[in-house]
Amino acid sequence: MKRSIILVCFLVAGLLLIVQYAAAEIGAGCGQACKGQNHQGQQQPLDAEAKKKYEKFLQETAELRRELGEKQAAYQSLMASKNPDPS
């Protein structure tokens with residue numbers, strides 16, 4: 001009796017492993033985990049003109065990004081309180 005129960009348990013475990021492997025959808029993509037593999041997630045280096053435009057953009061938006069960071073920190077601290085104000 002014990003032998004048959006153990007055999008059934010092994011068969012069920014094997015079946016579950018096979019089903020899990022089949023449902024894993026290998027090759028369907030893995031997001032950030034695949035970064036750097038098969039040239040996924042790699043950017044081409046910026047040329048001189050694009051780099052100047054990028055630096056200009058960063059300078060123009062520095063104040064806005066700072067304000068957004070302050071507002072996000074205030075929001076997070078408000079939401080972390082015991083009774084956050086929904087308004």
Side-chain angles (χ1 to χ4, degrees):
M1 184 68 177
K2 288 182 183 180
R3 198 177 217 178
S4 61
I5 291 175
I6 292 173
L7 180 64
V8 169
C9 289
F10 277 117
L11 289 175
V12 169
L15 181 63
L16 288 174
L17 286 173
I18 291 170
V19 169
Q20 190 278 332
Y21 181 77
E25 297 181 16
I26 296 173
C30 52
Q32 294 295 321
C34 288
K35 199 169 195 175
Q37 297 177 7
N38 301 327
H39 305 291
Q40 292 178 354
Q42 295 179 354
Q43 297 178 348
Q44 295 179 351
L46 297 175
D47 59 358
E49 183 180 340
K51 192 170 186 175
K52 287 179 186 177
K53 287 181 182 179
Y54 180 69
E55 292 296 328
K56 182 182 175 189
F57 170 78
L58 287 178
Q59 290 174 357
E60 290 174 353
T61 59
E63 181 65 23
L64 179 62
R65 287 183 284 119
R66 185 190 60 76
E67 290 174 12
L68 286 173
E70 289 174 356
K71 288 180 181 181
Q72 183 178 12
Y75 175 75
Q76 288 175 347
S77 66
L78 177 68
M79 293 307 289
S81 66
K82 275 197 167 208
N83 295 320
D85 184 15
S87 62

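Under a 4.0 Å N-O distance rule, the pair K71/E67 does not qualify as a salt bridge. Under 4.0 Å is where a charged nitrogen must lie from a carboxylate oxygen, and between E49 and K52 no such pair does.
When hydrophobic clusters are built by joining Ile, Leu, Val, Met, Phe, Trp and Tyr residues whose side-chain heavy atoms come closer than 4.5 Å, directly or via intermediates, L58 is not grouped with L68.
More than 12 heavy atoms of other residues, nucleotides or ligands sit less than 6.0 Å from atom CZ of R65. At most 12 non-hydrogen atoms from other residues, nucleotides or ligands lie less than 6.0 angstrom from CD of Q72.
In this structure, CG on L78 lies 10.5 Å from CG on N83, to the nearest 0.5 angstrom.
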